[in-house]
Amino acid sequence: MTISFLPKQFPIHAFQEALVSWFKLEQRDLPWRKDQDPYKVWVSEIMLQQTKVDTVIPYFYRFLDKFPTPESLANADEQEVLKAWEGLGYYSRARNLQSAVKEVMENYGGKVPNNPKELGNLKGVGPYTKGAILSIAFGQPEPAVDGNVMRVFSRIFKVEEDIAKPKTRKIHEDLVRSVISKEDPSAFNQGLMELGALICKPRNPDCLLCPVQEYCMAYEQGLEDILPIKTKAKSQRVEPYAALLIKNERNEVLVQKRPEKGLLANLYEFPMASLKDLDLTTIPNWFYGEYGLHIDIIQKETVVKHVFSHLTWELDAYSATVQSGKLDVGPATFCSLKDLELLPFPVSHQKLLPFVKTLLT
DNA sequence: AATTCGTGGGT
DNA sequence: TACCCAAGAAT
């Protein structure tokens with residue numbers, strides 16, 4: 001059964017005009033809005049996935065300064081790309097972006113594809129990003145449905161489907177297709193998102209300032225605080241670890257590269273022992289088995305609690321020294337204080353760097 | 001379809 | 001404090 005949420009008498013053109021003219025007047029001056037270079041639009045859209053504008057801005061400047069063209073990004077070392085992404089989170093975005101840019105270099109002559117099929121096949125480019133690039137960079141009337149659009153449309157058209165459910169996105173894509181401005185798809189799509197960010201906020205929306213208030217069913221019926229419907233995520237688990245800050249006789253600290261898949265893939269960290277399986281007395285023996293080094297634990301330096309989307313790390317950081325043995329693990333290596341600055345660390349381990357500096361100084 | 005994947009700011 | 005939330009994609 002197909003449900004159309006678009007009222008038969010909905011004044012499409014007046015709605016478009018109200019939204020687009022508001023956006024052109026009130027839009028924020030953002031660095032990725034200076035031109036419509038598809039590469040810059042692409043980079044910005046990847047960075048903006050699940051990430052606030054204010055957080056992205058400095059990363060966007062630094063990233064474009066370092067990798068101004070698809071070619072420069074394609075030819076860069078992955079570690080350098082991850083270093084530029086350090087602290088931004090969702091690091092597979094960076095690795096997928098570089099992978100996709102390499103494909104653009106090889107298969108599309110360095111030109112970002114301007115059609116849904118080729119664009120959607122690029123790594124890290126899903127339905128939203130595909131539509132955003134097509135509409136913003138190429139002016140095509142394609143939907144770009146993100147969380148803002150689903151919230152805004154849930155209110156305007158009184159859509160009561162759970163926006164946390166994957167299938168709900170299709171409802172809103174159909175709605176966008178039925179009302180998008182063919183004259184200015186870019187301003188229309190961006191206008192919806194800008195409206196969601198500035199006016200039609202998740203909580204306490206500023207309906208009195210809204211340029212499309214007269215078209216909003218939720219406002220008309222006093223439902224703006226009820227919609228959208230969104231079920232809440234389940235609670236997260238807690239994982240306790242001992243993080244080991246191990247110094248050798250050459251005043252270097254042991255670091256290791258994380259696996260190439262999964263959480264914080266290919267980033268660096270200090271070795272961690274799960275306190276679910278081990279305790280302070282069994283860690284040295286475990287460590288010798290894993291790394292081939294006898295260590296002496298000195299003392300607890302700090303405790304770090306780090307919250308991810310789906311789990312929490314509780315890191316008890318211990319200083320330690322190498323007693324004897326020979327390191328025999330590939331991804332692990334001793335690293336000088338100076339060279340640490342070249343390695344990409346997740347924020348969880350950046351919190352430990354001040355203590356490492358003290359240890360090595 | 002449900003989980004996994006980061007982080008910082010708002011309330 | 002403890003949630004909630006953000007211009008999602010991959011699996």
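Because the structure is predicted, anything quoted here is derived from the model rather than measured. Reminder, nothing fancy here: chain letters follow the sequence lines and each chain counts from 1. Basis for what follows: all heavy atoms, side chains included, without hydrogens, waters or symmetry-related copies.
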query = Which part of the nucleic acid, if any, lies within contact of A/Gly196, taking any heavy atom under 4.0 Å across all strands shown: a base, the sugar-phosphate backbone alone, or nothing?
reply = nothing
request  = Could you give the distance separating C/dA9 and B/dG8 at their P atoms, to the nearest angstrom?
outcome  = 22 Å
note = Rounded to whole Å, NE2 of A/His306 lies from P of C/dA2 at a distance of 17 Å
query = Between A/Thr129 and A/Glu45, does any side-chain donor sit less than 3.5 Å from a side-chain acceptor?
reply = no
inquiry  = Quick check on DNA chain B: between A/Pro166 and A/Tyr90, whose nearest nucleotide comes earlier from the 5' end?
reply    = A/Pro166
ask   = Does a distance-only test, which skips hydrogens and angles, find a donor-acceptor pair under 3.5 Å between the side chain of A/Tyr128 and the base of C/dG8?
value = no
ask   = Atom CD1 of A/Ile163 to atom C1' of B/dA2: distance rounded to whole Å?
value = 17 Å
inquiry  = Students often get this wrong, so: under 4.0 angstrom with heavy atoms, is A/Arg258 touching a base, only sugar-phosphate, or nothing?
reply    = nothing
ask   = What's the closest nucleotide to the A/Pro202 side chain, out of C/dA6, C/dA9, B/dT7?
value = C/dA6
task = Test for a donor-acceptor pair under 3.5 Å between the base of B/dG6 and the side chain of A/Thr51, counting only N and O atoms.
result = yes
request  = Could you check whether the rings of A/Tyr288 and A/His294 sit parallel, tilted or perpendicular, using 30° and 60° as the cut-offs?
outcome  = parallel
request  = Looking at every strand, decide which applies to A/Val307 at a 4.0 Å heavy-atom threshold: base, sugar-phosphate, or nothing.
outcome  = base
request  = Send over the distance from A/Tyr268 OH to B/dG6 C1', rounded to a whole Å.
outcome  = 20 Å
query = Which of parallel (below 30°), tilted (30 to 60°) and perpendicular (above 60°) describes A/Phe287 and A/Tyr291?
reply = parallel
key: A/Arg28/A/Glu194 salt bridge by N-O under 4.0 Å criterion   = yes
note = Comparing A/Lys261 with A/Gln50, nearest DNA chain C nucleotide closer to 5' gives the residue A/Gln50
query = Should the pair A/Trp313 and A/His349 be assigned to parallel (<30°), tilted (30 to 60°) or perpendicular (>60°) ring geometry?
reply = perpendicular
ask   = With sugar-phosphate meaning primed atoms plus P, OP1 and OP2, does A/Leu264 contact a base, only sugar-phosphate, or nothing at under 4.0 Å between heavy atoms?
value = sugar-phosphate
task = Rounded off to whole Å, could you give me the CD-to-P distance for the A/Glu161 and B/dA1 pair?
result = 12 Å
Sugar-phosphate, base or nothing in reach of A/Trp313, heavy atoms under 4.0 Å = nothing
task = Describe the nucleic acid contact of A/Arg95 in one word from base, sugar-phosphate, nothing, applying a heavy-atom distance below 4.0 Å.
result = nothing
inquiry  = With a 4.0 Å cutoff (strictly under), does any side-chain N or O of A/Arg151 reach OP1 or OP2 of C/dA6?
reply    = yes
note = A/Phe308 has its side chain closest, among B/dT7, B/dT4, B/dA2, to B/dT7
message = Once you apply a heavy-atom cut-off of 4.0 Å, does A/Leu195 come out as touching a base, just sugar-phosphate, or nothing?
response = nothing
inquiry  = Whole angstroms only, please: what is the NZ-P distance between A/Lys305 and B/dG6?
reply    = 19 Å
message = What's A/Thr129 touching, base or sugar-phosphate or nothing? Going by heavy atoms closer than 4.0 Å.
response = sugar-phosphate
remark   = Whole-Å distance, A/Lys201 NZ to C/dA6 P, equals 12 Å
request  = Ignoring hydrogens and angles, tell me if any N or O in the side chain of A/Gln79 forms a donor-acceptor pair with the backbone of A/Leu343 under 3.5 Å.
outcome  = no
P atoms of C/dC4 and B/dT3, separation to the nearest Å = 16 Å
task = Select one nucleotide: of C/dA6, B/dC5, C/dC4, the one nearest the side-chain heavy atoms of A/Leu263.
result = B/dC5
inquiry  = Can you measure A/Lys230 atom NZ to C/dC5 atom C1' for me and round it to whole angstrom units?
reply    = 6 Å
key: Euclidean distance, atom OH of residue A/Tyr91 to atom C1' of B/dT7 [Å, nearest integer]   = 8 Å
note = Walking DNA chain C from its 5' end, the first of A/Glu194 and A/Lys123 to be reached, judged by nearest nucleotide, is A/Glu194
inquiry  = Please determine whether residues A/Phe60 and A/Val53 belong to a single hydrophobic cluster, defined as Ile, Leu, Val, Met, Phe, Trp and Tyr linked transitively by side-chain heavy-atom distances below 4.5 Å.
reply    = yes
message = Nearest to the side chain of A/Lys52, heavy atoms from C-beta on, is which of B/dC5, C/dA9, C/dC5?
response = C/dC5
request  = Using the C1' atom as the reference point in each nucleotide, state the distance between C/dG8 and B/dA1 in Å, no decimals.
outcome  = 16 Å
query = Can you check whether A/His310 has a side-chain N or O nearer than 4.0 Å to OP1 or OP2 of B/dC5?
reply = yes
